[in-house]
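Some notes on the structure that comes next.
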Amino acid sequence: MSLSQSLPLRSGFPSVYEDDLFKKFKLKHHRTLQCKYEIDTQNGRSNFHEGSLPDTGGNRAELLTPDIDELQRRENALLKCIQSPKISNDTNMSLATNHRKSYSLCKVCNDRATGIHYGLATCEGCKGFFKRTVQNKRKYRCSGNGSCIIDKSQRNRCQHCRFRKCLLQGMVIAAVRYDRAPGGRTPANVMQLYKYKNETNELINKNVNETFNALFDSNIFHCFDQISTIDMLFEHLRPLLNSEILLTQESIKSISLLTIDKFIYWFRSLPFYPTINIDLSQFMINDRWSNYIVLIIFYFLKMNYSHVHFISYPKCLQRLFYFTQNKFLSSLSYRILDQFFYFLSTFFNIHLTNTEFTLLSILLICRSNQLNKIHFNSFEYICQILHTYEITKLPSEQPARFNRLLSFLEQIQSITQILITHQHFHLPFLLFSS
DNA sequence: ATAGCCTTGACC
DNA sequence: GGTCAAGGCTAT
């Protein structure tokens, strides 16, 4: 049957035949057609779901669900890696015991879990959602920034983030039966994937719990509450405030390096740092230092000036002329300055707490599509920590405040990118008013 | 499309 | 026969 013949049948059959028997036949037939259609599409035709999505230019690939076939290939590769004599039946039994202990809540949305589904304790909703996504090879796109909160009340708002969370928490695509046969037992290779993902997530959970506890209970936030750690970070910026040093390209560079050093030293002391298997210093220096400097300068200004108009627009313009040694300022420079001041005003309007600033700075480092899965988990978990903090400490302002904080991440990245591209990275440093 | 409930079948 | 985790059905 050709594609053009099969498609119109998707939309409906004559309603005269709507008796139960025919309904059943229709559904089975419909499913067969859908499967056939999907096999057809694998031979170079556009995917039904993908085709119905708006094209945003492909530069935000991390916001689009990867192809299910691609995910299956990755799962198979993982299975080949983890297949070793070490994994015995004994450990599989202990896995089953572990599962039995934690049935109460769905690991994806915190609704009531009804059992282990595709390797994870989930509710009926997330079970069905995962099954439909894999069976129909559906693709989703996130209209936000790829970090939507998935809980019982909001789980249907973003399919992309829900499916992403399903995978991150350890649901196994291979457990969805290709032949759709009901009943039976899960194959041994799928059990191995359950075990591997369960162990990996346990390790991450352990580290993240430690981080969570450390951040909320012990020295780290205690230090921040006493302003001492932030002060340590700020001490390199303070001379600018008092005009103790002359602002040059060189002094900007050395101030940035000293601040980043301090940050790296603190970041490495976090309990979850060992789970991030990249060279943070290298990554910071190559990719993230500029974002972090912009964030910390904004926060410093906010802490030291009560009002956003601490420096006038003309005065800033004057400094910009002076700093660039009267080089011609293009209309683009004015636009950048406008954009910069606009973001500064939105940043000043939200009274960040030290905890929020700290979590934002970690998120700024973790947020990337270049990094591995464990790193993505760090982002996800720090997001959850921030979300928990927001709903417990500032419940009346939610969810607007939480969403605004997440949007700051994107805005800071965007502003920084513009400053670097147009060689205006000195701009934030010019705001220090004496 | 979602999610609660139902049916199925391998394993104990 | 009971349990568990697959897929199926259907009201919303």
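Below, chains carry the letters A, B, ... as their sequence lines are ordered, and counting in each starts from 1.
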Touch class at under 4.0 angstrom, heavy-atom based, for A:Gly184 against every strand present: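 Answer is base: heavy atoms of A:Gly184 come under 4.0 Å of a base.
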Stepwise, does the ring-ring contact (aromatic ring centres under 6.0 Å, His included) test hold for A:Tyr118 with A:Tyr194? CA-CA 8 Å; A:Tyr118 311 104; A:Tyr194 288 174; 8.5 Å; no
With no angle test and no hydrogens, is the base of C:dA5 tied to the side chain of A:Arg177 by a donor-acceptor pair under 3.5 Å?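 No.
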Could you check how far [atom1] of [X] sits from [atom2] of [N], rounded to whole Å?
| X | N | atom1 | atom2 | answer |
| --- | --- | --- | --- | --- |
| A:His117 | C:dG7 | NE2 | C1' | 12 Å |
| A:Arg132 | C:dG7 | CZ | P | 13 Å |
| A:Glu124 | B:dC6 | CD | P | 11 Å |
| A:Lys131 | C:dT10 | NZ | C1' | 12 Å |
| A:Met191 | B:dC11 | CE | C1' | 12 Å |
| A:Gln135 | C:dA5 | CD | P | 18 Å |
| A:Lys127 | B:dC5 | NZ | P | 12 Å |
| A:Ile116 | C:dC4 | CD1 | C1' | 10 Å |

Nearest-nucleotide pick for A:Tyr118, side chain only, options being B:dT2, B:dA3, C:dA6: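 Of the options given, the side chain of A:Tyr118 lies nearest C:dA6.
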Can you tell which of B:dC11, B:dA1, B:dG4 lies closest to the side chain of A:Gln159?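 Shortest atom-to-atom distance from the side chain points to B:dA1.
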Under the 6.0 Å and 45° cation-pi test, does A:Arg155 pair with A:Phe129?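 No, A:Arg155 does not sit over the ring of A:Phe129.
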Measuring from A:Asn291:CG to A:Ser361:OG, what's the distance to the nearest 0.5 Å?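 Answer rounded to 0.5 Å: 12.0 Å.
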Counterpart residues, side chain to side chain contact (heavy atoms under 4.5 Å, CB included), relative to A:Phe340 (two or more places apart):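 By the side chain to side chain contact (heavy atoms under 4.5 Å, CB included) rule, A:Phe340 matches A:Phe298, A:Ile415, A:Leu419, A:Leu427, A:Pro428, A:Leu431.
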According to a strict under-4.0 Å criterion, is [X] in side-chain N/O contact with OP1 or OP2 of [N]?
| X | N | result |
| --- | --- | --- |
| A:Asn156 | B:dA3 | yes |
| A:Thr186 | C:dA5 | no |
| A:Arg162 | B:dA3 | yes |
| A:Tyr140 | B:dA1 | no |
| A:Arg112 | B:dG4 | no |
| A:Arg138 | B:dT2 | yes |

Not counting sequence neighbours, which residues clear side chain to side chain donor-acceptor pair (under 3.5 Å) with A:Tyr196? List them please.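 Checked A:Tyr196 against side chain to side chain donor-acceptor pair (under 3.5 Å); zero matches.
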